[in-house]
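Worksheet for the structure shown next.
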Number of protein chains: 2
Amino acid sequence: MLQNTRTEAVLERLPIYYEYLRKLPSEENVSAPILAKALNLGEVQVRKDLALVSHKGKPKTGYEKSELMADIKNYMGYDQKTKAVLVGLGKLGSALYDYEGFQEFGIEIVQAFDREQTRLTKTMDSFTSYCITEHIEVGIITVDEVHAQEVCDLMATTGIRAIWNFAPVRLNVPDYIIVQNVNMATSLSILIKHMRDQIENQVNL
Amino acid sequence: MLQNTRTEAVLERLPIYYEYLRKLPSEENVSAPILAKALNLGEVQVRKDLALVSHKGKPKTGYEKSELMADIKNYMGYDQKTKAVLVGLGKLGSALYDYEGFQEFGIEIVQAFDREQTRLTKTMDSFTSYCITEHIEVGIITVDEVHAQEVCDLMATTGIRAIWNFAPVRLNVPDYIIVQNVNMATSLSILIKHMRDQIENQVNL
DNA sequence: GTTATATCGATACAGTTATATCGATATGCA
DNA sequence: TGCATATCGATATAACTGTATCGATATAAC
Ligand SMILES: NC(=O)c1ccc[n+]([C@@H]2O[C@H](COP(=O)([O-])OP(=O)(O)OC[C@H]3O[C@@H](n4cnc5c(N)ncnc54)[C@H](O)[C@@H]3O)[C@@H](O)[C@H]2O)c1
Ligand SMILES: NC(=O)c1ccc[n+]([C@@H]2O[C@H](COP(=O)([O-])OP(=O)(O)OC[C@H]3O[C@@H](n4cnc5c(N)ncnc54)[C@H](O)[C@@H]3O)[C@@H](O)[C@H]2O)c1
């Protein structure tokens, strides 16, 4: 009876479906072909993706919007609240800390820390005990690259299990902690490479 | 004689090698196995990736660091200067505008625009003419999601060929413009999903 | 009620990406 | 000078990801 396997690629598309559905004004049913057209994806691919989280699709009509959203939400864990702390309340850190877009995914940055005492920030001496007593699972690193590893090490002494790192450094962590490095500059450089390749191809026609 | 094909996956690793090499204090030669160990990748994979940009690797010794860096730089186009403009000098926009990490990839955000007159910002009325006369190729959108499409449309009237979009909306663009959507919230949600899956697997042992 | 059809679910195929293996060769060292 | 070996380059295989096709079926339309 099973259909699709939980792969990385699918995991990256489910949030896209969810976002699309959430912003869809209409309450009408949605189908794989509709989603595919709207998001510029393959119809079969969408169908298989959805099959991973729901089996309520019906021939001719597709899925009930709210039901499908609930199933994605449940699968992705958006209904479970996740608490994150942020270290490095500088320019980028402040932007993220103030950003409200995390809520809909069940994520809350409950506290920000910085070496310097600013705004709502707590200083670092309370960091460890705070994370432990509040059962923080996710750490966000937005300090400069020189201090990223030491902040990371500190996080490893708490119950934190996942680190979202914006400093352009590769962090050393124990096995049980997952790190996601976000490198904005390289991402943009890849986009630009694509752009140049495209321009080149057009010239060579 | 050829070896590796230019695929998306390779393109995403080349900057990682470059970053690693750039920060490496030593000037000694590097080899595929060394890079593989340091970056936690497959040795064969690294070797094939490097073969795409360079053929100067020698048995036993590997590559000369500076030569390899130059070859990646050349392949990725980091030696070509790319000018970008940013629209929406809010919290996130300011952080990006001030960020100096783009330089090493040949990228410069030469000007920021905003509806409101702030700081160094230019207002929107000069946008189109500025982009055209300055031959801007890249646009960065950091306005709220309500205004992202209109900013995008405006960019499409200039010579801009690539858009880096941080607003959580899917933009409609003409074919010749490439869009890269960055959705921070969904990225973090995927990291959290991985975290939860990992925790679950450990329990089920 | 019957029929037409859009969509689902399943299977088969194709393309992309990663890994394993092996001979060739440049270098270091006896 | 000759031998040992680390690494390269190449080819083969495996895993993952995406696409094409087709029968089954629930619904809409008549
Ligand atoms: N600004 C951006 O748009 C951007 C883009 C990509 C990556 N980054 C990376 O994000 C990080 C932050 O960038 P930023 O522009 O916000 O820099 P920033 O200097 O504005 O902020 C860094 C903050 O970290 C704090 N800090 C430093 N060491 C600390 C420590 N040991 N413990 C606690 N707090 C500490 C500082 O007090 C400061 O407030 C950097 O690593 C940068 O490379 C920034
Ligand atoms: N802050 C974050 O960390 C973060 C994270 C992920 C995504 N985003 C997205 O990035 C965008 C900006 O976020 P922010 O937190 O910086 O918001 P912000 O409100 O601080 O900044 C938005 C800026 O855009 C300007 N603006 C609005 N409409 C404009 C228009 N038509 N032309 C020119 N300028 C215009 C505003 O004047 C303001 O300065 C949003 O779409 C948000 O969803 C932000």
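Below, read A as the first sequence line, B as the second, and so on, with proteins coming before strands; counting in each chain starts at 1.
- Side-chain N/O atoms of B:Tyr63 include one lying less than 4.0 angstrom from OP1 or OP2 on D:dG9.
- Atom pair B:Lys56:NZ and D:dG9:P shows a separation of 12 Å (rounding to whole Å applied).
- Comparing C:dA6, D:dC8, C:dT21 by their closest approach to the side chain of B:Val44 singles out C:dT21.
- Screening B:Ile163, B:Val179, B:Asn181 for a side chain to side chain contact (heavy atoms under 4.5 Å, CB included) with B:Ile141, the sole residue that qualifies is B:Ile163.
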* Asked: Between A:Ser189 and B:Tyr78, is a side-chain hydrogen bond (donor to acceptor under 3.5 Å, both in side chains) present by the stated rule, with each step listed?
  -> CA-CA 8 Å; A:Ser189 82; B:Tyr78 295 160; 3.0 Å; yes
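- The partner of C:dC8 is D:dG23, judged by Watson-Crick or G-U wobble contacts that both fall below 3.5 Å.
- The CZ-P distance, from B:Arg47 to C:dA24, rounds to 16 Å in whole Å.
- Among the nucleotides C:dT7, C:dA18, D:dA6, the one closest to the side chain of B:Ala9 is C:dA18.
- Counting to the nearest Å, the P atom of D:dT7 and the CD atom of B:Glu43 are 8 Å from each other.
- Closest to the B:Ser31 side chain, of the nucleotides C:dA6, C:dC8, D:dC8, is D:dC8.
- In this structure, B:Ile140 and B:Phe166 have side chains that are in contact, with non-hydrogen atoms separated by less than 4.5 Å.
- Of the candidates D:dA26, D:dT5, C:dC8, D:dT5 carries the atom nearest the B:Lys60 side chain, counting heavy atoms from C-beta on.
- In this structure, the nucleotide among C:dT7, D:dC8, C:dT27 sitting nearest to the side chain of B:Lys58 is C:dT27.
- Rounded to whole Å, atom C1' of C:dA18 lies 14 Å from atom CG of B:Asn40.
- For D:dA28, the paired base is C:dT3 (Watson-Crick or G-U wobble, both distances below 3.5 Å).
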* Run the side-chain hydrogen bond (donor to acceptor under 3.5 Å, both in side chains) check on B:Arg47 and B:Ser31 step by step: do they pass? -> CA-CA 8 Å; B:Arg47 190 170 297 123; B:Ser31 65; over 6 Å; no
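- Between the NZ atom of A:Lys48 and the P atom of D:dG18 there is a distance of 9 Å, rounded to whole Å.
- At the phosphate of D:dC16, neither OP1 nor OP2 sits under 4.0 Å from any side-chain N or O atom of A:Thr7.
- Within residues 11-30 of chain A, the residues having any heavy atom under 4.0 Å from DNA chain D are, by residue number, A:Arg13.
- Counting to the nearest Å, the P atom of C:dA20 and the CG atom of B:Leu41 are 14 Å from each other.
- Looking at A:Asp197 and A:His194, their side chains never bring a donor and an acceptor atom within 3.5 Å of each other.
- Nearest heavy-atom pair across B:Phe105 and B:Glu19 is CZ-OE2, 3.7 Å.
- Rounded to an integer number of Å, the gap from A:Gln45 CD to C:dA14 P is 18 Å.
- For the pair A:Leu52 CG and C:dC8 C1', the interatomic distance rounds to 16 Å; values are reported in whole Å.
- Look at B:Thr61 and you won't find any side-chain N or O under 4.0 angstrom from OP1 or OP2 of C:dA26.
- With respect to A:Lys83 and A:Glu108, no salt bridge is recorded, no charged nitrogen being found less than 4.0 Å from a carboxylate O.
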